[in-house]
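Below is one structure, written out as C-alpha cells, with a few remarks after it.
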2 protein chains.
Amino acid sequence: MDTTLLKGLAVLEVLAARETPAGVSEIAGLLGIGKSNTHRLLQTLVAAGYVRRDADRRYACSLRLWEKGWDVARRYDVARVARAPMVALAQDTAETVNLSVLDGDEVVYLDKIDSPLPVRADTRIAGRAPAYCTATGKALLAHVEDPAALLARVTWERFTARTPRDAATVLSELSEVRRRGYALSRGEWRDGVAGVAAPILGAGGRSLAAVGVGGPAERMPPARLRRLAPMVVAAAAAITRAAGMGGPTLARSAP
Amino acid sequence: MDTTLLKGLAVLEVLAARETPAGVSEIAGLLGIGKSNTHRLLQTLVAAGYVRRDADRRYACSLRLWEKGWDVARRYDVARVARAPMVALAQDTAETVNLSVLDGDEVVYLDKIDSPLPVRADTRIAGRAPAYCTATGKALLAHVEDPAALLARVTWERFTARTPRDAATVLSELSEVRRRGYALSRGEWRDGVAGVAAPILGAGGRSLAAVGVGGPAERMPPARLRRLAPMVVAAAAAITRAAGMGGPTLARSAP
DNA sequence: GAATAATGTTCTGAATAGTGGAACAACTGC
DNA sequence: GCAGTTGTTCCACTATTCAGAACATTATTC
C-alpha cells in the first residue's frame with residue numbers, strides 16, 4: 001500500500017480537524033512520524049494547494065478540500081430539493097429534522113434543521129453514524145440492492161444496551177421497515193435519543209436518501225413516534241416528487 | 001516532492017470531478033500513468049475511505065472528502081450567520097448575491113443566492129476566481145494585512161479587455177475601496193458581468209469575507225452600482241453584527 | 001456459445017524516491 | 001549570550017514504488 005499517500009492524507013486530516021494552525025513538530029508528534037518526513041509531506045500538500053502556511057510559518061488547511069468535497073456532494077443533489085419539505089416537517093414537529101445518505105455501511109448527514117426546543121437531538125452536518133442502529137440508516141438499508149451483503153461486512157459494536165447485535169435481528173427489522181414504510185430507533189445509537197425516518201426512493205425502488213425526525217426519548221414515546229411516522233413519510237414523498245426522481249442512480253446534474 | 005502523494009490526490013480529483021464512476025484504465029489514461037500504478041493508488045484510497053467501488057467494480061468518490069472539507073469550512077463560520085442578510089439583499093436587489101472568502105490570491109464562493117431573473121450572473125458555490133479582478137475579491141484584498149505582498153505573487157492574466165494588468169493599478173484601486181467602503185468590478189473577470197461588494201471585517205479591521213451583488217452589465221450601469229453600494233454595505237454590516245465578530249481570527253466554534 | 005477484445009488484477013526485478021537521523025539555521029525566552 | 005525550541009537542509013540506505021508483461025475475468029461480437 002502506498003504509505004506516502006496514506007501519510008499525506010493523515011496529515012491533511014489532522015489539519016482539517018484542528019481549529020488552529022499547527023507546526024511541523026506538532027504534526028510529526030501527533031502522527032508518530034519523523035520531522036523531516038512531515039516537513040516534506042506538508043510541502044507537497046502546499047504545492048498541491050490543499051494546505052497553506054500562515055505568516056507564523058504554521059500550516060493550515062486551505063479551502064481546497066472543501067471545494068473538492070463540494071464537487072462530490074453536489075451530485076448528491078437531494079439536499080437542495082429536500083430543503084423546503086424539511087423546513088415544513090421541522091415546523092410541524094418542532095424536533096430536529098435530518099437528511100442522510102448511505103456511504104458504505106454508515107450514514108452521512110447531508111443537512112439538518114435544529115429543533116427550536118432547548119433539549120434536542122444533536123446531529124452534525126457531514127457527521128457519520130453506523131447505519132444499522134439509526135432510524136435514517138435503517139430506512140436506507142431497507143431499500144438497498146442487497147441488505148444482507150452489506151450487513152455481512154459490518155463490525156458490530158454495542159453503543160448502548162439497545163444496539164442490535166447481529167445481522168439477523170436487523171434484517172428482520174428491515175422487512176418490517178419495508179412493510180410499514182418507515183424505520184424507528186429508540187436509543188440504539190445514542191442513549192436517550194429516538195427517531196423515525198422514511199426513505200426517499202428513486203427509480204427502481206432503491207433508496208437515495210432518508211429523512212428523519214429525532215429527539216430526546218422522553219418526548220418520543222412509542223405513541224408519539226407512531227403519530228410522527230405519517231408526517232415523515234409524507235415529507236419523504238414530497239422530496240421524491242420535488243426531485244423529479246427518475247434517473248438510474250443517485251447521481252444527478254449540478255444545481 | 002512526494003510524487004506518490006501528488007498522484008494520489010490527482011486520482012482523487014479526477015474522481016471528484018466526474019459525474020459517473022470511472023475504471024482503472026480510464027483514470028490511468030487521463031493522468032498518463034501506468035495501469036498497475038493507478039490500481040494500487042485506488043486501493044490505497046479505498047483503504048483510506050476516500051474512494052469506494054460500486055458493484056461494477058468501478059471507482060467513485062465517497063462522501064469522506066466532503067466530510068473532511070466540511071470540517072474546514074465549518075470554521076469559516078460566516079456562511080451560517082450571513083444567510084439571512086443575504087436573503088434580504090437578494091430580495092431588495094433581485095440580483096445574484098454571493099459570499100466569498102479569500103484563499104491565497106483567489107476568492108472562493110461560500111454561498112450564493114440566485115437572481116430570480118432569467119438573465120443573471122452565474123457563480124458556483126465552492127467555485128474560485130482570481131481576487132484582483134472581482135468585486136468581492138477586491139473588497140477582501142483591500143483589508144488584508146499586506147495587499148502589496150499578496151499581489152506580488154499574482155500571475156497576471158488577461159481575462160477580458162478590462163482586466164487589470166499590474167499591481168500598481170490594483171493597489172490604487174484598493175485604497176479607493178478602503179476610502180469608500182465598497183469595491184466594484186465591471187467586466188474585469190467575465191465579460192458582461194458587473195458587481196459591487198463590501199467586506200465583512202473582523203476584530204483588527206481585517207477582512208474575513210465579502211458579500212457582493214452581481215448581474216449582467218446591461219442591468220448594471222454605474223448609476224445603479226452606486227445605488228446598490230449602500231445596500232451591500234448595509235448587508236455586510238448586518239452580517240458583521242450577527243456574527244458577533246470579536247475573535248482574533250476567522251476561526252469560530254462549530255454550529 | 002465460442003472467439004475475441006477489453007478491462008481489472010497480480011507478479012517480478014530494477015531503481016528511484018522516500019525515509020530517518022543528524023547537522024544546521026532561525027527564533028524565543030531566560 | 002546561552003539553552004531550548006522549532007523549522008529546514010543534507011545524505012546515505014533501503015524499502016517502496018514503478019513499468020511491463022503475464023494472468024484472470026468480464027464484455028462483446030459473430
Side-chain angles (χ1 to χ4, degrees), chain A residues 1-62 104 145-146 149 153 204 248-249 251, chain B residues 1-62 104 145-146 149 153 248-249:
Chain A
M1 261 237 204
D2 298 64
T3 55
T4 311
L5 178 51
L6 288 174
K7 283 183 192 172
L9 291 172
V11 170
L12 205 53
E13 289 184 17
V14 164
L15 287 177
R18 286 188 55 101
E19 292 290 324
T20 55
V24 176
S25 310
E26 192 173 359
I27 300 170
L30 238 52
L31 294 172
I33 57 180
K35 260 202 310 182
S36 64
N37 193 351
T38 311
H39 182 252
R40 211 184 49 264
L41 286 169
L42 282 166
Q43 292 221 320
T44 310
L45 288 171
V46 169
Y50 285 89
V51 170
R52 59 177 21 107
R53 47 190 330 186
D54 60 7
D56 317 352
R57 62 164 72 105
R58 286 201 316 217
Y59 298 88
C61 271
S62 77
E145 180 110 20
D146 189 352
R153 277 181 279 138
T249 74
Chain B
M1 247 242 207
D2 298 62
T3 55
T4 310
L5 177 50
L6 287 173
K7 285 184 192 173
L9 292 171
V11 170
L12 206 52
E13 288 183 19
V14 165
L15 288 177
R18 288 187 54 102
E19 293 288 325
T20 55
V24 176
S25 311
E26 193 172 357
I27 300 169
L30 239 50
L31 294 172
I33 56 179
K35 260 203 312 183
S36 64
N37 192 353
T38 311
H39 182 251
R40 210 184 48 263
L41 287 169
L42 282 167
Q43 292 222 322
T44 309
L45 288 171
V46 169
Y50 285 89
V51 170
R52 59 177 22 105
R53 46 191 330 188
D54 60 8
D56 315 353
R57 62 165 72 105
R58 286 201 315 216
Y59 298 89
C61 272
S62 76
E145 181 110 21
D146 188 352
R153 277 180 279 137
T249 74

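Chain letters run A, B, ... following the sequence lines, proteins first and then strands; every chain starts at 1.
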Near-strand residues of residues 27-37 of chain B, defined as heavy-atom separation under 4.0 angstrom from DNA chain C: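 B/Lys35, B/Ser36 - these, ordered by number, are the residues of the stretch whose heavy atoms sit under 4.0 Å from the strand.
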Distance check, rounded to the nearest 0.5 Å: [X] atom [atom1] versus [Y] atom [atom2]?
X       : Y       : atom1 : atom2 : value
A/His39 : A/Tyr59 : NE2   : OH    : 4.5 Å
B/Ile33 : B/Lys7  : CD1   : NZ    : 5.5 Å
A/Arg58 : A/Ile27 : CZ    : CD1   : 10.0 Å

Residues in side-chain contact (heavy atoms from CB on, under 4.5 Å) with [X], at least two apart?
X       : value
B/Ala48 : A/Leu6, A/Leu9, B/Tyr50
A/Leu30 : A/Val14
A/Ala28 : A/Lys35, A/Thr38

How is B/Arg58 classified with respect to the nucleic acid when contacts are heavy atoms under 4.0 Å: base, sugar-phosphate, or nothing?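 Since no nucleic acid heavy atom lies under 4.0 Å of B/Arg58, the category is nothing.
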With a strict under 4.0 Å distance from non-hydrogen atoms of chain B, what nucleotide opens and what nucleotide closes the contacted stretch of DNA chain D, reading 5' to 3'?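 Using the under 4.0 Å cut-off, the span is D/dT17 to D/dT26.
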Enumerate the residues from residues 6-15 of chain B whose closest heavy atom to DNA chain D is under 4.0 Å, giving them by residue number; use none for an empty result.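 Heavy-atom cutoff 4.0 Å gives B/Lys7.
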Set of side chain to side chain donor-acceptor pair (under 3.5 Å) partners for B/Thr44, sequence neighbours left out: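 B/Thr44 satisfies side chain to side chain donor-acceptor pair (under 3.5 Å) with A/Asp2 only.
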B/Glu26: which residues meet the side chain to side chain donor-acceptor pair (under 3.5 Å) condition with it, sequence neighbours left out?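 For B/Glu26, the residues satisfying side chain to side chain donor-acceptor pair (under 3.5 Å) (neighbours in sequence not counted) are B/Arg18.
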Residues in salt bridge (charged side-chain N to carboxylate O under 4.0 Å, His left out) contact with B/Arg52, at least two apart in sequence or another chain: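 Residues passing salt bridge (charged side-chain N to carboxylate O under 4.0 Å, His left out) with B/Arg52: A/Asp103.
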Sequence-distant partners of A/Arg53, salt bridge (charged side-chain N to carboxylate O under 4.0 Å, His left out), two or more places apart: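 A/Arg53 satisfies salt bridge (charged side-chain N to carboxylate O under 4.0 Å, His left out) with no residue once adjacent residues are dropped.
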Closest approach of A/Leu31 and A/Ala10, non-hydrogen atoms and distance?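 In this case the closest contact between A/Leu31 and A/Ala10 is CD2-CB, 4.0 Å.
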Between B/Leu45 and B/Gly8, which heavy-atom pair has the shortest distance, and what is it?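 That closest heavy-atom pairing would be CD1-O, 3.8 Å.
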Mind checking which nucleotides bracket the chain B contacts on DNA chain C, 5' to 3', with an atom under 4.0 Å from a heavy atom?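 Taking any atom under 4.0 Å from a heavy atom of chain B, the span is C/dT7 to C/dT19.
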Knowing that exactly one of B/Leu41, B/Val11, B/Leu12 qualifies, which makes a side chain to side chain contact (heavy atoms under 4.5 Å, CB included) with A/Leu5?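 So, applying the side chain to side chain contact (heavy atoms under 4.5 Å, CB included) to A/Leu5 and each of B/Leu41, B/Val11, B/Leu12, only B/Leu41 qualifies.
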For DNA chain D, whose closest nucleotide is more 5', that of A/Thr3 or that of A/Ser25?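 Closest to the 5' end, via its nearest nucleotide, is A/Ser25.
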Could you tell me, to 10°, how much the axis swings from one end of the helix from C/dG1-D/dC30 to C/dC30-D/dG1 to the other, five pairs per end?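 Answer for the end axes of this duplex: 50°.
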